Asks: 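My questions all concern the structure below.
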Amino acid sequence: MSFVEKILKGIGSNFEKGKPLEKLYPLYEALDTFILTPGKTTPKAPYIRDAVDLKRIMILVVLALIPATFMGILNTGYQILQAKDMAYDFGQALALGASKVIPIILVSYMAGGLWEVIFAVTRKHEINEGFLVTGILYALTLPPTIPLWQVAVGISFGVVFGKEIFGGTGMNVFNPALVARAFVFFAYPVSMSGSNAWVAVDGYTQATPLAVAAGTAKGSSVVEALNQAGFTLNNMFVGFIPGSIGETSALACIIGLAFLLITRVASWRTIAGCVLGLLTITSVFYLLRGPEKLAFFDLPPYWHLVMGGFAFGAVFMATDPVSSAATDTGRWIYGFFIGVLTGLIRVINPAYPEGMMLAILFMNAFAPLIDYFIVENHIKKRLARVTARKS
Amino acid sequence: MSKMLLRTTADIFFKRTPMGTFQIRKGLDIKLKGQAAKEIKTLPLSKTIAVAPCDYKGLKLRLSIKEGDAVKVGSQIFQDKFHPEIRILSPVSGRVAMIIRGEKRALLRVIIETDGKQEQESFKKFNEHEILGLSQKDVTTYLLEGGLWPVIRQRPFSKIANHRNHPKAVFIHAMNTEPLALDVDVLLDKKEKEFQLGLDILKHLTKGEVHLCIHARASAKALTEAKRVQIQRFSGPHPAGNVSTHIQYVDPINKGDVVWYVEAQDVLRVASLFMNGAYASERVVAITGEGAKNRYYARTCLGAPLSALVEDGGVNGLRYISGSVLTGKDVGKEGFLGFYDSQVTVIPEGGKREFLGWLSAGFNKFTVSKTFASAFLPEREVSLNTDKNGSDRAIVLNNIFDKYVALDIMTFFLLRAVISGDIEEAEKLGILECDEEDFALCTFACPSKTDVGEIMRSGLDLIEKEG
C-alpha cells in the first residue's frame, strides 16, 4: 500500500458506517477516487474493461475548455484596458481579466458543487464528474460584469431544476449549464444584456457585434457598420470583442473542437449539423437581401459562424450527449435545426440578438421526439421483415 | 432476372462478398496476450470432477444419487423436475464424494471421485446406414436417454431446448471469435466422418435447414466439405462468431419462432453416442491467458477441475475463468470446467490504485475510445487484468454501443426500454434475437461501466416469465 493510499484510508475511516461523517461519504469517495483510481475489479463477465471512465471523459472536456477560458480572461482584461484608454499589456490584461473571471468560475463551482453534494448525500450515490463541465461551461457564458450572487443563484437553479429534478446525471432533458444561463438571462436581464453588461468598467457602454448588426438601419451596409464599430472578421475570429466571457473567441472554440474530435468525445455530426443549419438559413437571408429588407440580411453567412455564442454553443453545449439526440441521424437533424433556429432568432427577432442559447434549449426539448421517429422507423422496418417472411 | 437483381441488392445491403460470406463490419477483436499453442495434449483423468446444475439453463434439476453411490460413465446424476426424461449423466466412473449445497439448500454441484476404470453404461448403437434412416422421434429419444439432450439449446432465451418444440432451423456453432477462443479447425482435424455423422443425426431434428456456421478461413475438411447442411461463412471481428449474429444474418427469429443451436464439439459427442453406444465425456479445451504458464489445447473430461488443467507457476492474484474473458464464469482456482465451455482463461487480477489516473497520458492503457495516448499507437497484443477502470455512473455517452453490436439492434433504446420495464417496446426493438453475450463488448467499452448484458438478460428473463 502506498503512502497516499494510507493517508486516504486514514481519512476514510471517519466516513465509514457508524462514524460521525458517515452521511458525507460521497464527498470522501469523490476525493478518494480523484486522487487514486478506484481500483475496483470486475465481479462478473466481461472480466476485462476499457481503460476509459466518465472521469476521464469529463476531464477531457474541461481540458478542451482551457483555450476558451484563457481567451476569456485575456479578453476581459483587454476590454477593461481599452475602456480606460490604457495601452495593451499582456500581463496586465491577464491579471485584470483573472480578477474578474476567476471569482465567477469559483462561485459557479462552489454553489453548484454544494447542490451536487447535497443531492449525492440524500440520494446516496456517488458525486458525478459531469459537474466539473457544467460549472465552467455556465461561468463562460456569463458577461464579466455579472454580480457574483447572481452567478450562484443561476447555477443553483440549473443544477436543481435543470438536472436533479429529472433524476440526476444522464436523465436531464435540458443542458443544465444552459438552463442556468437562461434563468439568469430572464431573471436579471439588466445584468445579462444591453450595452452595459459586456465591459467590466462602471458606466462604460459597448454593444456586442450582434447588437450592432441587429441595430443597423435599413439600407445601410451591415459589414461597414460592424467594421466601424471595430468588429472586423479577424477581430471576431480571434475574440478581442465584447461579449460573454468564453464565447468571444471562435479560435479558442476551434482549438477545443479539434481536441474533442481527436479524442472523439464530442459528436462531429451535431457540430456539422449546427454549422450547416446556420449557413443554410443565413444564405437564404443573404439571397433575399435588398434595400427594403433588414440590414442584417446583408451579412455574408460565414460571418455568422464567428459572431456571438454560436461557436461556443455548437462545440460545447449542443454536443452534450445526454440532452441531444442519441441516434446518429438524429444528431444531424438536431444540430441542423439548432443552426437554423439560431439564424432565425438572430436576424428576424429583434428582441433577442443572440439566439444560440434559446435554439439549443428548444432543440433539447425536441431531441427525444427526433429519436422517437427514428426508432419508430426502425421498428417499422423490423415489422416489415416479419410480414415479408410470412407471405 | 428480377430475382438476380434482388440478390445483388441483398448482396450490397448485407455486405455479402461474392463467395457467399457474411462480412461482419461492426465489433472488435481484443488482441489479448496468452494465445494457446494449437496442439492437443491428452491429459490423464483428474482425481475429481464436478457436475453443476447451474450449467443447465432452463432446467430444474433433482438429484438421482446420494453421497457414496458408485457411478459409471453415463449413470444418471440429475433429472429435470418437469421433464424427467431430460437427464444429466456422469462423465466418469467412480464414487459420489460430495454433494455441495448453497443457500436454501440449493444444489451447487456434485463432486465425483474418479476410479480411473471409466466403466460405461451402455446405450443403443447405430451404424451409418441406420443413422440416415432414423426419425425425429428416434433421435430425440436416444439423445434424451443418452444424456445429450442438454447440448441442444434454443433461441430465444438461450436455454436448453424443449424437445416437444419444432425448431424452424438448427444452427451449428462452429466458429469462435471471442478473445483467445478455441480454434474449431484444430478440434475437427481428421474428424470428418464423426462430424458428418453428428450433423446427419441432428438433421433429423428439424424440417428446416441445418446451418453449419463456419469462419470464412475455416480449413478443416469436416467443416468445408460437410454434406446435407447449409454451410454459412462469416468473417470479421467479434461478434462475427456469436450464435445471434449467425441466426440474424441467415434466418432471423421473429416472434413465435424457435431455433436450436449446438456447439461443434457437442456434434462430435452426439456422433460418438450413436456410434459407440456410450456417453461421450471427452472435451477439448484451450488453456489460455497470460496467467497460465503452459498454454495448449487439452483433451480432458467434462467437469474437470481447473487445477488439473492450468499450471500457474505458483503466482498469486490470478483470475480463473471457465470460458472467455468476455462471457466466461469466474470459477476460481478450485473451480471446474463449465458444461459448454471449450476454453479456460487465466488473467491477472487488477485492483491496483493509480495516482491521478485520470490525468495520465496513458501510453500503456488499452482503450477503444481515443481518450488515451495508446489509442494512437499501432495495434499490438495487450495485457489486460480484471480492473474495472472506473466507477459505476449513469450512461452519458449514449451512442457508443451500436458499433460493437453486429445485430440490427438500436442498443441504447433497447437498453432504455428494458430498464423502464417496457417489455412490449423491448420486443419490438428485437430483444428476442439477442443474448447477454451479444452485449459483452458494449459493457467492455462503456465509460459509465454499465453492465449492458446483465440488463438485457433481466429483460429476457422478464419476458420469459410473463410470456
Side-chain angles (χ1 to χ4, degrees), chain A residues 1-2 4-5 8 29 33-60 125-126 128-130 167-171 262-265 267 320-322 325-328 330-331 371 374-375 378-379 381-383 385-386 389-390, chain B residues 30 32 252 254-255 319 321 323 325-330 347 349-359 362 365-372 384-399 408 410 412-413 428-430 440-441 443-449 451 453-454:
Chain A
M1 203 186 288
S2 72
V4 187
E5 219 169 328
L8 281 173
E29 197 276 344
T33 58
F34 181 81
I35 295 172
L36 293 173
T37 52
K40 292 212 180 76
T41 56
T42 49
K44 55 191 282 288
Y47 291 102
I48 51 172
R49 298 295 176 92
D50 196 285
V52 70
D53 65 350
L54 214 54
K55 236 186 215 78
R56 177 76 177 184
I57 303 259
M58 294 302 175
I59 293 293
L60 290 182
H125 65 63
E126 294 176 3
N128 273 294
E129 296 81 4
T169 305
M171 315 285 212
I262 290 169
T263 53
R264 306 234 181 111
V265 171
S267 160
D320 168 22
V322 176
T327 51
D328 284 349
R331 287 188 174 172
D371 281 340
I374 289 166
V375 173
H378 170 80
I379 290 173
K381 271 194 213 149
R382 297 188 68 88
L383 272 176
R385 194 188 75 191
V386 179
R389 289 207 158 264
K390 280 197 179 139
Chain B
I30 301 169
L32 206 58
N254 294 309
K255 198 171 163 73
R319 182 78 65 105
I321 303 160
V325 284
L326 290 182
T327 60
K329 198 170 166 191
D330 172 10
I347 57 170
E349 279 288 357
K352 203 169 157 263
R353 303 195 65 184
E354 206 180 309
F355 186 62
L356 297 184
W358 48 270
L359 200 58
K365 293 187 184 252
F366 180 69
T367 179
V368 291
S369 67
K370 298 282 174 195
T371 53
F372 288 101
L384 293 177
N385 58 34
T386 62
D387 206 301
K388 203 165 167 183
N389 295 321
S391 324
D392 294 321
R393 289 288 181 266
I395 298 173
V396 170
L397 296 196
N398 45 23
N399 73 335
D408 178 26
M410 298 184 85
F412 176 67
F413 294 91
K428 279 191 205 160
L429 287 167
L441 284 173
T443 309
F444 169 77
C446 181
S448 301
K449 310 293 166 190
D451 194 337
E454 187 180 47

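Treat the numbers as computed from the prediction; the structure is a model and nothing was measured. Each chain gets a letter, A, B and so on, in the order the sequences are listed, and its residues count up from 1.
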Asks: Measure distances from B:Ile347 to the heavy atoms of chain A and classify the residue's part below 4.5 Å as side chain, backbone, both or neither.
Replies: side chain

Asks: By a 4.5 Å heavy-atom criterion (distance strictly below it), what part of A:Ile35 contacts chain B: side chain, backbone, both, or neither?
Replies: both

Asks: Given that the side chain runs from C-beta out, which part of B:Arg319 has a heavy atom under 4.5 Å from chain A: side chain, backbone, both or neither?
Replies: side chain

Asks: Considering only heavy atoms, which portion of B:Phe412 lies under 4.5 Å from any heavy atom of chain A: side chain, backbone, both, or neither?
Replies: side chain

Asks: Under 4.5 Å, counting heavy-atom pairs only, tell me which of B:Gly323, B:Pro447, B:Ser448 racks up the most with chain A.
Replies: B:Pro447

Asks: State, to 0.1 Å, how close B:Arg353 and A:Gly39 come at their nearest heavy-atom pair, and which atoms those are.
Replies: CG-CA, 4.2 Å

Asks: Could you check A:Thr169 against B:Arg393 for side chain to side chain contact (heavy atoms under 4.5 Å, CB included), going step by step and ending with a plain yes or no?
Replies: CA-CA 8 Å; A:Thr169 305; B:Arg393 289 288 181 266; over 6 Å; no

Asks: Could you measure the distance from the CG atom of B:Leu384 to the CZ atom of A:Arg49? Nearest 0.5 Å is fine.
Replies: 12.0 Å

Asks: For each of B:Lys352, B:Glu354, B:Glu349, tally heavy-atom pairs with chain A at distances under 4.5 Å, and name the one with the top tally.
Replies: B:Glu354

Asks: Evaluate the criterion salt bridge (charged side-chain N to carboxylate O under 4.0 Å, His left out) for residue pair B:Asp408 and A:Arg385; output intermediate values, then yes/no.
Replies: CA-CA 12 Å; B:Asp408 178 26; A:Arg385 194 188 75 191; 5.3 Å; no

Asks: What distance separates B:Asn385 CG from A:Thr41 OG1, expressed to the nearest 0.5 Å?
Replies: 9.0 Å

Asks: Are more than 12 heavy atoms from other residues, nucleotides or ligands located less than 6.0 Å from atom NZ of A:Lys44?
Replies: yes

Asks: If you count heavy-atom pairs under 4.5 Å with chain A, which of B:Gly351, B:Gly362, B:Gly357 comes out on top?
Replies: B:Gly351

Asks: With side chains defined as the heavy atoms from C-beta onward, is the minimum distance between A:Arg56 and B:Ser369 less than 4.5 Å?
Replies: no

Asks: So which part of A:Ile59 gets closer than 4.5 Å to some heavy atom of chain B, the side chain, the backbone, both or neither?
Replies: side chain

Asks: When rounded to the nearest 0.5 angstrom, what is the spacing between CG in A:Asp50 and CG in B:Leu441?
Replies: 10.5 Å

Asks: Which one, B:Asp392, B:Asp330, B:Leu359, B:Val325, leads in non-hydrogen pairs under 4.5 Å with chain A?
Replies: B:Val325

Asks: For B:Phe413, is it the side chain, the backbone, both or neither that has a heavy atom under 4.5 Å from a heavy atom of chain A?
Replies: side chain

Asks: In terms of heavy-atom proximity below 4.5 Å to chain A, should B:Leu356 be classed as side chain, backbone, both, or neither?
Replies: both

Asks: A:Lys40 vs B:Lys449, test: side chain to side chain contact (heavy atoms under 4.5 Å, CB included). Steps then yes/no.
Replies: CA-CA 11 Å; A:Lys40 292 212 180 76; B:Lys449 310 293 166 190; over 6 Å; no

Asks: What's the separation between atom NZ in B:Lys428 and atom NE2 in A:His378, rounded to the nearest 0.5 Å?
Replies: 12.0 Å

Asks: Please test A:Thr42 against B:Thr386 for side chain to side chain contact (heavy atoms under 4.5 Å, CB included), starting from the C-alpha separation and ending with a verdict.
Replies: CA-CA 6 Å; A:Thr42 49; B:Thr386 62; 3.6 Å; yes

Asks: May I ask you to test the A:Thr37-B:Asn389 pair for a side-chain heavy-atom distance under 4.5 Å?
Replies: no

Asks: Which one wins on heavy-atom pair count under 4.5 Å against chain B: A:Asp328, A:Leu36, A:Val322, A:Ile374?
Replies: A:Leu36

Asks: Tell me whether the count of non-hydrogen atoms from other residues, nucleotides or ligands lying under 6.0 Å of NZ in B:Lys329 goes above 12.
Replies: no

Asks: If you compare all heavy atoms of A:Pro46 against all heavy atoms of B:Ala440, which two are closest, and at what distance to 0.1 Å?
Replies: CG-O, 3.5 Å

Asks: Among A:Asn128, A:Thr263, A:Val4, which residue has the highest count of heavy-atom pairs closer than 4.5 Å to chain B?
Replies: A:Thr263

Asks: Check A:Pro38 against B:Ser391 and note the closest heavy-atom contact, atom names and distance.
Replies: CG-OG, 3.4 Å

Asks: Could you tell me whether the side chain of B:Asn398 and the main chain of A:Pro321 form a donor-acceptor pair under 3.5 Å?
Replies: yes

Asks: Roughly how far, to the nearest 0.5 Å, is the CD1 atom of A:Ile379 from the CE atom of B:Met410?
Replies: 9.0 Å

Asks: Could you grab the distance from atom OG1 of B:Thr443 to atom CD1 of A:Ile48, nearest 0.5 Å is fine?
Replies: 11.5 Å

Asks: Does any backbone or side-chain atom of A:Asp320 lie under 4.5 Å from a heavy atom of chain B? Answer side chain, backbone, both or neither.
Replies: neither

Asks: Should A:Met58 and B:Trp358 be marked as a side chain to side chain contact (heavy atoms under 4.5 Å, CB included) after you check the CA-CA gap, both sets of side-chain angles, and the distance that decides it?
Replies: CA-CA 10 Å; A:Met58 294 302 175; B:Trp358 48 270; over 6 Å; no

Asks: Can you tell which part of B:Thr327 gets under 4.5 Å to a heavy atom of chain A, answering side chain, backbone, both or neither?
Replies: backbone

Asks: Of the non-hydrogen atoms in A:Ala45 and B:Gly328, which two are nearest, and what is the gap between them?
Replies: CB-O, 3.3 Å

Asks: I want to check something: taking the side chain as every heavy atom from C-beta on, are B:Lys370 and A:Val265 in contact at a cut-off of under 4.5 Å?
Replies: no

Asks: Looking at B:Leu429, B:Asp451, B:Ile395, which has the largest count of heavy-atom pairs under 4.5 Å with chain A?
Replies: B:Leu429

Asks: So do the side chains of A:Ile57 and B:Val396 get within less than 4.5 Å of each other, counting heavy atoms only?
Replies: no

